[in-house]
Structure formats: C-alpha cells, structure tokens
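Here's the structure we're looking at; comments come further down.
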Amino acid sequence: MEEMLLPAEKMTPLYRLRHSLSHILAQAVLTIRPDAKMGFGPPVDNGFYYDFDFGDNPISESDFKQLEETMQRIIKEKQQFEHLDKPVDVAVAELAAAGQKYKAEYAQYLADNGYAPNGTLSFYRNGPFLDMCEGPHLGATNEVPKATFKLDKLAGAYWRGSEKNPMLTRIYGLAFPTPAELKDYIEKRELARQRDHRKLGKELDLFEFDEEVGSGLPLWLPKGTVIREELEKWAKETEFKAGYQRVSTPAITREQLYYTSGHLPYYKESMFPPMELEDEDRYYLRPMNCPHHHKVFATRMRSYRDLPLRLAEYGNTYRYEKRGSLSGLMRVRAMCMNDAHIYCSPADVKQELKSVIEMYKDYYSHLRLGDFRVRLSLHAKDNDKFVDQEAEWLRSEEIVREVLNEMNIGFEEEAGEAAFYGPKIDIQLKNVMGKEETVSTCQLDFVMADRFGLEFNNAEGGTTAPYIIHRAPLSTHERMVSFLIEIYGGAFPTWLSPNQVQLIPVNETVIDYTKGIEEKLRANLIRAEVDLSSDSFNKKVRNAVTSKNPNIWVIGSREAEEQTITWRRYASKDQVTLPLSTAIETLIKMRDSRLMDNFADVALPVTA
RNA sequence: GCCGACGUAGCUCAGGGGUAGAGCACUUCCUUGGUAAGGAAGAGGUCAUGGGUUCAAAUCCCAUUGUUGGCUCCA
C-alpha cells in the first residue's frame with residue numbers, strides 16, 4: 001500500500017510542511033473537541049486535510065478562527081516532532097483505549113494485511129499530540145513559516161472512502177511554502193471562478209436551469225443554441241467527409257432492449273425509472289444511443305463489402321445522475337452526444353481506430369484544447385463490473401494499446417476504468433477549478449455484437465461478428481460547451497460566436513448605412529446586431545467588449561462616406577479600416593475556415 | 001444518495017423578530033457622442049416553497065425544493 005512507501009515526493013519540504021500542519025490542526029481540533037475521533041489527515045496538492053467524527057458535537061466554519069489561533073499557539077510552542085514505533089498489539093490497544101476507534105481499526109488493518117512487517121507501527125508525537133503516521137514531518141512546529149496556511153472549508157467524506165462507512169467531517173486547509181504563494185493561490189482561484197462556465201453561461205445568456213423543469217435539465221437559450229448548432233454542423237461535415245452515415249433514432253425504448261444489451265439490471269441506478277403502461281411493456285428513456293444503432297445494423301444482412309459501417313447521430317440521452325454530482329453543464333441528466341458506432345471486421349479494426357484518433361487530433365488541435373491527458377481505461381480482474389471474458393479483454397486492450405503506441409500518443413493506463421463491454425481511450429480535461437472530467441471517449445466493444453447477434457457475411461462465405469467502435473470526439477454538447485466556455489473565458493471565435501459582428505453607429509446620421517450592413521451580413525448568413533440604444537458611444541463599445549463579441553465594427557460618418565467599416569477584434573487591440581466588401585469577404589472566410597480568431601496570435605485573413 | 005453552506009428585484013449583493021435596500025440591467029425623457037460606464041426620473045420583490053414558534057416571521061425552528069463545496073458514483 002502506497003502509504004507505507006516513502007517516494008521522493010513525500011520527502012519534499014512542502015510535503016513535510018503540509019503533513020505537519022495536518023497534525024497541528026488535529027491537535028487544535030482535539031483541544032476544542034476532546035471527544036473527536038480522528039480519521040486520515042494527509043497532505044494534498046494545495047495543502048492538507050484531516051477527517052474527524054464529531055459525533056453529536058459538530059464543528060462549523062465559525063470555529064475556524066479559534067482553530068487557527070490554537071494552531072498558531074502550537075506553532076509557537078516549538079513542539080518537536082518525534083518518531084516512535086509501537087508493537088501492533090500495543091498500538092491497537094492504546095488507540096482503542098483512547099477512544100480513537102478509526103485509528104485502531106486502521107492499525108488492525110495494517111497489521112492484518114502485512115503492512116507492519118516488523119510487528120510495529122509508526123507513530124509521531126509532537127507535544128501532547130500522538131498520531132499513528134508514517135511521516136515525515138518537520139523537525140518542530142515552529143518551522144512552519146508565518147502566514148503560509150489558512151483553514152479553507154468543511155466537507156463530508158466517508159471513512160476510508162466507502163459510502164457504506166460513516167461520514168466523517170473533513171477540514172481542509174491551504175498551505176504553501178511562502179505567504180506570497182498562499183496569497184497567489186487564493187487570488188488565482190478567485191480569478192478561475194470568473195471563468196466558471198456556470199457564471200459565464202448566465203452572463204452571456206447561453207443556458208439556464210429552472211427549478212420547475214428539474215435538476216440537471218438545461219434550457220439552452222438562443223445564444224447557447226447557436227454554439228451547439230455550429231459544433232454540430234462541424235461534426236456533420238467532418239463525419240460526412242470521413243464516410244459516416246447519419247441515422248435518427250428515438251430517445252425512448254422498450255425495456256427488453258436493455259436486457260439484450262446488459263445495461264439492465266446492472267445500470268438501472270443510473271437510468272430514469274421506467275414508464276409503466278397498461279397492457280404494455282415498460283419503456284425507458286435511453287441512457288445511451290448504442291443499442292439503437294446496433295438495431296440499425298441488424299435491420300438487414302450485412303456483407304463485408306458494407307463495412308466499415310459508420311452510423312452517426314447527435315443523440316439525446318438521459319441519465320439519472322445522483323443529485324449531489326450534478327454540476328452546471330458539466331454533469332447533467334439530459335445531454336446530446338456526438339455519437340457514432342463503427343462496425344468493422346477484425347482485420348480493419350486497427351485502421352478504423354487510427355482514423356477515429358486522427359479525427360480526435362484534428363478536433364482538439366483546431367479547438368486548441370491542448371492541456372488534456374489520454375487515459376487507456378482497462379478492465380480489472382475479478383470485478384463484476386466487467387464482462388467475464390478475460391482473453392477477449394486482453395486481446396482488445398492490446399489492440400488499443402498498439403494503436404496508441406503506433407501513433408506516438410502518450411497515455412496512461414488505468415485499470416478498472418473500462419466500459420463493461422470493452423476498453424476505452426478517454427480524453428481527460430481539467431475544469432477551471434482543477435477537477436478532472438472525461439470529455440471525449442472512444443471505446444472498443446467486443447461484447448455487443450454477440451449480445452445483439454450482429455454479424456456480416458465474410459469473403460469466405462461464412463459469417464463474422466464485427467468489432468464495434470463507440471466514439472464521441474466532441475463529447476456531449478453540454479460537457480464540450482462547458483469546457484469551451486471555461487477555456488476561452490467566454491470569448492468564442494467568430495464561427496462559434498452567438499453574435500458574430502456587433503455594429504456600432506457613431507451617430508444617428510449613419511444608422512441607415514449601418515442597418516444596411518446588418519442586412520448584407522445576414523444575407524450572407526452572418527449573425528450581426530446593430531446597437532441602436534440611446535447609450536453613449538463609449539458605453540456601446542464597453543457593452544460590445546464586455547459581452548465578448550469577437551468583432552466590433554464601428555461606423556461613423558467617415559465610414560459611411562467611404563463605404564468602409566472600422567474593425568476592432570476582441571482578441572486584439574489593433575483596429576483596421578477596410579472597404580465594406582473586403583470586410584464581409586474576410587468575415588465569410590473566417591467563418592468558413594472556422595478560424596480561431598479568439599486567440600491573439602491569429603491575424604485577420606484580409607486579402608487586398 | 002451522504003456531510004456542510006447558501007437561496008432577498010432580471011444580475012451581483014447588503015440588511016435582518018415590528019410586512020424591504022444598493023449598484024448594474026430595464027422603461028421614459030434629455031444628451032448625437034469616434035473606441036471600456038453622459039444626465040434625470042420611473043417601474044420592478046408573497047425575501048425559494050410548506051408548516052411551526054410568536055401579539056408580530058423575510059429574520060427563529062422543522063420539512064421540502066433548488067444551488068453549491070466535498071465524499072461516493074460517473075456507460
């Protein structure tokens with residue numbers, strides 16, 4: 001178990017600082033709540049935490065001040081950290097006698113599972129406080145530099161991470177090597193909140209939630225819908241060029257379909273409950289599109305000549321995500337997925353996977369989503385989460401691994417993260433608050449063809465089960481848009497932007513000319529708006545900028561006279577006056593090439 | 001689902017046992033302005049919902065609902 005190891009990162013001064021602070025916190029907590037039962041108290045990447053069971057004497061954030069003062073006192077006392085080993089039976093008995101039942105339980109666990117090889121367990125003492133702990137720590141409490149920590153928040157956490165166990169109260173603290181770094185972290189976190197897709201989504205009128213409609217059920221407003229539809233248009237073009245065919249299937253189905261697929265009863269908890277009908281089967285809202293597509297494959301006899309068959313659909317799906325895990329557009333209960341299923345012969349599967357991954361690369365580099373992690377999600381042995389076909393698992397995992405290696409894609413393998421029917425390539429992105437989510441997934445399925453009886457006539461006159469590739473490079477609209485909002489800070493490129501050109505007339509005399517420009521733009525299917533409000537010119541510029549319009553065209557008497565516009569871009573302070581016709585052509589070019597002009601290094605593609 | 005916090009005008013928030021406030025947004029009027037907030041007036045709220053305590057509840061208590069920080073989960 002890794003807690004027993006002392007890898008290099010655990011030896012760093014920062015690790016020692018944070019780990020020592022968690023002990024100092026625990027001592028402070030026991031000062032004001034002597035009956036608190038301790039859980040775990042490790043360092044984390046922004047500080048430390050410690051878990052406690054407060055019984056019927058709970059703590060609240062209003063106690064933080066007193067706790068911090070007590071911690072300061074402990075620091076001033078220059079308590080030495082002292083390491084000692086205790087025989088297992090002594091350790092367990094003493095912890096139990098002290099009423100530290102979680103510590104005693106864990107001590108017994110360590111002993112029972114071979115983590116006390118010398119028959120002893122490691123403890124650290126500082127002042128009156130003793131904790132079972134592998135260390136390392138600072139030499140003494142006064143080595144904590146001034147103003148480098150701050151208690152952050154309270155949270156619930158299950159003992160040993162299992163929801164079957166009691167819920168403990170976790171106290172989080174921030175800790176950094178210097179006061180400046182602590183301050184910087186707090187400021188950066190505040191800045192990050194400004195980019196939160198939930199905040200920007202409201203400010204930019206992209207989407208809303210309504211209590212009466214329900215949790216996790218987003219209402220996409222007109223401006224947000226523009227972004228969805230532009231992404232969808234892009235996907236449809238891309239998939240058309242790559243030989244996909246579109247299908248359209250219902251978001252509801254009879255119960256039997258999910259017994260065939262195996263989602264029932266296993267995934268029942270994540271599905272909306274069935275609709276009960278008189279004299280009829282039960283119906284479910286679909287949590288995924290796959291089974292419907294498999295049924296499309298099964299509508300006729302397939303020949304190897306038809307393969308690979310690539311069926312695509314932006315499909316609406318519904319999942320009953322747990323209340324507490326819902327989060328803006330990031331985790332929802334109704335979503336629309338950039339889905340497709342590729343049915344191919346075993347001989348073609350590597351090539352098809354490569355083509356899919358090429359498509360991912362194109363999308364990601366175009367959108368400038370560079371900061372992702374590729375995870376090869378594998379099955380775990382002896383886990384009933386996964387179908388029990390060990391040989392097939394190993395074979396299909398090796399296929400995916402080979403493909404990634406042959407394409408020189410860096411990835412990390414993780415056991416236990418696969419779909420129940422096959423290994424996955426997951427693209428992991430961190431949201432603005434640092435929380436990682438899977439944005440896109442690509443799965444190799446060796447199970448469903450058999451379950452659905454899918455096969456094709458092969459060249460030798462027999463039949464073969466196809467491999468099925470499930471892929472969703474652009475994720476769901478919900479999750480992709482939430483990431484784009486945060487990564488772009490709400491400033492979309494022209495092609496994705498709800499309003500592509502904000503027209504600002506400088507005075508009343510040019511309103512007709514400006515309205516004429518709007519008409520010309522709309523005739524070219526460019527979204528444009530004229531600011532006809534009675535606001536001052538400066539205010540109109542401000543409004544156009546704060547609403548993150550990619551392009552502001554200023555039109556005054558000079559422009560009207562010369563049939564020009566003055567172009568100010570969101571990403572660039574420079575502005576340029578161009579003939580109207582040139583400007584419109586440039587805009588069309590930007591749209592059609594899906595130019596990422598929300599990045600400052602991208603120049604206006606003006607050709608004289 | 002679990003632990004904690006929160007829910008006051010469209011938005012951001014202040015207040016707080018004696019039936020409500022600010023800024024922005026909105027409406028109207030004045031202003032016709034050349035690159036980030038011109039001026040004035042007005043309108044707008046069962047203080048999330050339901051119950052309880054109280055002479056009196058937006059304020060205290062309970063429940064529900066929603067949001068949120070975590071935990072668990074995440075096809």
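Just so we're on the same page: letters track the sequence lines, and every chain starts at 1. The figures here come from the full heavy-atom set of this structure, side chains too, leaving out hydrogens, waters and symmetry mates.
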- prompt: Does CG in D388(A) sit with more than 12 non-hydrogen atoms of other residues, nucleotides or ligands closer than 6.0 Å?
  reply: no

field: Proximity to the side chain of Y172(A) - top-ranked nucleotide from U68(B), G70(B), U72(B)
entry: G70(B)

Cation over ring face, R33(A) and F52(A), 6.0 Å, 45°: no

field: Pairwise P distance, A9(B) and C47(B) [rounded to whole Å]
entry: 10 Å

query: In whole Å, what separates the P atom of G42(B) from that of U54(B)?
result: 43 Å

message: Counting the atoms with a prime plus P, OP1 and OP2 as sugar-phosphate, which does N538(A) contact under 4.0 Å by heavy atoms, base, sugar-phosphate, or nothing?
response: sugar-phosphate

- request: Describe, in one word, how the ring planes of W393(A) and H379(A) are oriented to each other, choosing from parallel (under 30°), tilted (30 to 60°) and perpendicular (over 60°).
  value: parallel

query: Are Y421(A) and F446(A) close enough that their ring centers fall under 6.0 Å?
result: no

query: How about V606(A) and T582(A): do any of their side-chain heavy atoms sit closer than 4.5 Å?
result: yes

Tabulate protein N/O versus nucleotide N/O from nucleotides 45-47 of chain B, keeping only pairs under 3.5 Å, one per line.
none

message: In whole Å, I'd like the distance from the CG atom of D152(A) to the P atom of G69(B).
response: 13 Å

field: Distance under 6.0 Å and angle within 45° of ring axis: R18(A) vs F48(A)
entry: no

query: With rounding to whole Å, what would you report as the distance between U72(B) and U46(B) at their C1' atoms?
result: 39 Å

message: Starting the side chain at C-beta, find the nucleotide from U72(B), G69(B), C74(B) nearest to Y158(A).
response: U72(B)

message: Can you say whether a donor on the side chain of R323(A) sits under 3.5 Å from an acceptor on the base of C2(B), or the other way round?
response: no

- request: Tell me what T546(A) touches on the nucleic acid: a base, only sugar-phosphate, or nothing, going by heavy atoms under 4.0 Å.
  value: base

message: Work out how far the P atom of A20(B) is from that of A43(B), and round it to whole angstrom.
response: 16 Å

message: Let me spell it out: for each of I552(A) and Y318(A), pick the nucleotide of RNA chain B with the closest heavy atom. Which residue's pick is nearer the 5' end?
response: I552(A)

message: Let's test your reading of the model: under 3.5 Å, does the base of G70(B) pair with the side chain of Y49(A) as donor and acceptor?
response: no

Between the protein and nucleotides 24-29 of chain B, list every N/O to N/O distance that falls short of 3.5 Å.
{"unit_1": "A25(B)", "atom_1": "OP1", "unit_2": "K539(A)", "atom_2": "NZ", "d": "2.5"}

- request: Answer yes or no: side-chain N or O of E559(A) and base N or O of G34(B) forming a donor-acceptor pair under 3.5 Å.
  value: yes

- prompt: Using a cut-off of 4.0 Å on non-hydrogen atoms, how would the nucleic acid contact of K322(A) be classed: base, sugar-phosphate, or nothing?
  reply: base

Check: U35(B) base within 3.5 Å donor-acceptor of Q575(A) side chain: yes

query: Counting only distance, no hydrogens or angles, is the base of C74(B) paired donor-acceptor with the side chain of R319(A) under 3.5 Å?
result: no

